[in-house]
Amino acid sequence: MEGEKRPAPYEGLFADGHLVLWTLCSVLLPVFITFWCSLQRSRRQLHRRDIFRKSKHGWRDTDLFSQPTYCCVCAQHILLGAFCDCCGLRVDEGCLKKADKRFPCKEIMLKSDGRALDAMPHHWIRGNVPLCSYCVVCKQQCGSQPKLCDYRCIWCQKTVHDECMKNSLKNEKCDFGEFRNLIIPPSYLTSINQMRKDRKMDYGVLASKLGKQWTPLIILANSRSGTNMGEGLLGEFRILLNPVQVFDVTKTPPIKALQLCTLLPYHSARVLVCGGDGTVGWVLDAVDEMKIKGQEKYIPQVAVLPLGTGNDLSNTLGWGTGYAGEVPVAQVLRNVMEADAIRLDRWKVQVTNKGYYNLRKPKEFTMNNYFSVGPDALMALNFHAHREKAPSLFSSRILNKAVYLFYGTRDCLVQECKDLNKKVELELDGERVELPNLEGIIVLNIGYWGGGCRLWEGMGDETYPLARHDDGLLEVVGVYGSFHCAQIQVKLANPFRIGQAHTVRLILKSSMMPMQVDGEPWAQGPCTVTITHKTHALMLYFSGEQTDDDISSTSDQEDIKETELTDEETQG
């Protein structure tokens, strides 16, 4: 109609501009907020790292505490914050600086302030006491109230109620609690430091004050072994022991960590290795270096907490097939105190390549568990190659075994190691052995193989002497393929037993074959492999956890001993 007014052109443009502006705001505002939040988060992380770096506490940040936790400064309930893995202090993120100023951490060495070195008082920290802990005064449960309450000594782990805390307890001398025989007291290290200044190095006199049962324990944990449990174990051991006794071997090599043994009395130190069989071998190599340096009097006895995949050595020594946190760390320390000392044979594996123009030195390995050539070495080689490409995918023990099963199944079809008897010559103590149509040869030093299988004894009515790890003898067996290996592991077949020997010599005449020493595989061309005895290692054997095979073998040994005693009595 003629009376209607049309909108001016600039009004339409103005409306379109508003639409564009609101569209830009709706898109850019979330981007800006996200960027600002990430910037603030990075600033907080840098600030927190700076506090962690300057602090005397061993702070570890966490996004969620596993149990109800209260800040030791503001007493408020916290879900995310930081905790000290040496003294157990727990604080909110905003209270980190106040906690550093207010609460001292564990003293590795006592300060020379004139006080008596053997009169160390309790070091109490309030709140967050362990579950199911009891007051040393009234014997009632501590930490049951939903607030910051009650006290815990970070050395002896004793707990006491707020109302039961008395001046006598605050000034009482700390006896270091249940694990006093494993802890290196700060006063001892202070006295050692004073002795060095005075050039008096008689550690035995100093250690006599701590009693004859004092066997200090050094923890060597591999934070990358198995399911990456090592990092958490390091903190739990630092809380129960002196932090100076706990080492991460990925940061401090075993040869440096074991120098702490030289500050202890002769033949008194014990070592707990938390890792797989490879980590144990690394530590035992460091012990051999101590022997070369003339430090034989300081050689420690070695226990194992298995964190790897196979863990055959730890299984042989009674420490189980794998640790998954089912046993408290305190119980692990009790097991170490109850363990018995034994000897373990260690062998030198020398690989000499064939050829007139080969100027390279022979490769040398140290063997604790076993050497093999054939299908099991091929599975280890394939597994190792894929783990090197993507190590993050192989952090689960169950997944690792599934990968081994896959490669074993594939080799059953391909049979890459067939006709091994035509490619190798085998000599036991200098005598050549005729081989049947085998695909693999395994040379054993310990009782277990393949993640928990007793290979030499086998199954059935055939009687074979028990394999020992301290008799200077190697057990040599053969397998007919990957399927035969699988049958052996589920106790449906026995290996082909070749014999026992003090020296084993294997000559690979042609082609490339997979080989392994204690789970470290490689592809090898024509060569000569010679296995001879190298040395002994002092290990700790724990008899508390036994499998059915262990129980049967133990009973067999007891029957033999009873028979010998009966014969002696009859002769008498």
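Proximity of a side-chain donor or acceptor of N222 to a complementary backbone N or O of G275 within less than 3.5 Å is not detected. Side-chain atoms of H469 never come within 3.5 Å of backbone atoms of L317 as a donor-acceptor pair (strictly under, hydrogens ignored). When atom types are taken as modelled, the side chain of W155 and the backbone of R180 share no donor-acceptor pair closer than 3.5 angstrom. With hydrogens and angles disregarded, no donor-acceptor distance shorter than 3.5 Å links the side chain of T503 to the backbone of D429.
Taking the centre of each ring, W214 and Y188 come in below the 6.0 Å mark.
Residue pairs meeting the salt bridge (charged side-chain N to carboxylate O under 4.0 Å, His left out) criterion with at least one partner in residues 263-285, sequence neighbours excluded, are D285-R346. Judged as a side-chain hydrogen bond (donor to acceptor under 3.5 Å, both in side chains), the pairs with a partner in residues 233-248 (not counting sequence neighbours) are, in order, D85-R238, S223-D248, D248-T250. Here ring-ring contact (aromatic ring centres under 6.0 Å, His included) pairs that include residues 324-355, with residues two or more places apart or in two chains, are W347-H533. Residue pairs that meet the salt bridge (charged side-chain N to carboxylate O under 4.0 Å, His left out) test with at least one member in residues 291-302, sequence neighbours left out, are D288-K291.
Remark: the N311 side chain and the Y448 side chain contain no N/O donor-acceptor pair separated by less than 3.5 Å. Judged purely by distance below 3.5 Å, without hydrogens or angles, the side chains of K361 and Q350 never pair a donor atom with an acceptor atom. Defined by atom type and a distance below 3.5 Å, a donor-acceptor pair is present between the side-chain atoms of K534 and T366. Between the side chains of N353 and Q524, a donor-acceptor pair is found at a separation under 3.5 Å.
Closest non-hydrogen pair, P436 versus Y480, comes out as CG-OH, 4.4 Å. Among all heavy-atom pairs drawn from A286 and L258, the shortest one is CB-CD1, 3.8 Å. What you find for G450 and D312 is that their closest heavy atoms are N-OD2, 3.5 Å. Across L264 and P216, no two heavy atoms sit closer than the pair CD1-CG, 3.6 Å. The minimum heavy-atom distance between G481 and E439, with the atom names listed, is CA-OE1, 3.5 Å. Listed here is the closest heavy atom pair of L234 and A221: CD2-CB, 3.6 Å.
Two residues are said to be in side-chain contact when any heavy atoms from C-beta on lie closer than 4.5 Å; V332 and Y323 meet this criterion. Counting heavy atoms from C-beta on, the side chains of C527 and T352 never come closer than 4.5 Å. Residues K509 and K423 form no side-chain contact, since every pair of their non-hydrogen atoms from C-beta on lies 4.5 Å or further apart. Residues L233 and V329 meet the side-chain proximity criterion, which asks for heavy atoms closer than 4.5 Å. Looking at heavy atoms from C-beta onward, P243 lies in side-chain contact with C86 at the 4.5 angstrom threshold. Taking 4.5 Å as the limit, some side-chain heavy atom of L284 sits within range of a side-chain heavy atom of M539. Under the 4.5 Å side-chain criterion, counting only non-hydrogen atoms from C-beta, L508 is in contact with M515. A heavy-atom distance below 4.5 Å is found between the side chains of V349 and V529.
Just one residue in the list I531, L444, I498, L506 forms a side-chain contact (heavy atoms from CB on, under 4.5 Å) with V476, and that residue is I498. The residue from D470, L538, L313 that alone fulfils the side-chain contact (heavy atoms from CB on, under 4.5 Å) condition with L344 is L313. Under the side-chain contact (heavy atoms from CB on, under 4.5 Å) test applied with W449, the options V477, D376, N315, N369 reduce to a single match, D376.
Between the CD atom in Q516 and the CE atom in M367 there is a gap of 11.0 Å [rounded to 0.5 Å]. Considering CG of L473 and CD of E475, their distance stands at 6.5 Å, rounded to 0.5 Å. We find the CD1-CZ distance between I219 and F237 to be 4.5 Å, quoted to the nearest 0.5 Å. Atom CD1 of I218 sits about 6.0 Å away from atom CD1 of I184, to the nearest 0.5 Å. Atoms CG and CG, on L272 and L333 in that order, are 7.5 Å from each other to the nearest 0.5 Å. Distance NZ/K422 to CG/L438: 12.5 Å, rounded to 0.5 Å.
Between E425 and R505, none of the side-chain N atoms (NZ, or NE/NH1/NH2) sits under 4.0 Å from a carboxylate O, so this pair counts as no salt bridge.
Checked against ring-ring contact (aromatic ring centres under 6.0 Å, His included), Y266 has the following partners two or more places apart in sequence or in another chain: Y298. Residues passing the ring-ring contact (aromatic ring centres under 6.0 Å, His included) test with F365 are W522, sequence neighbours excluded.
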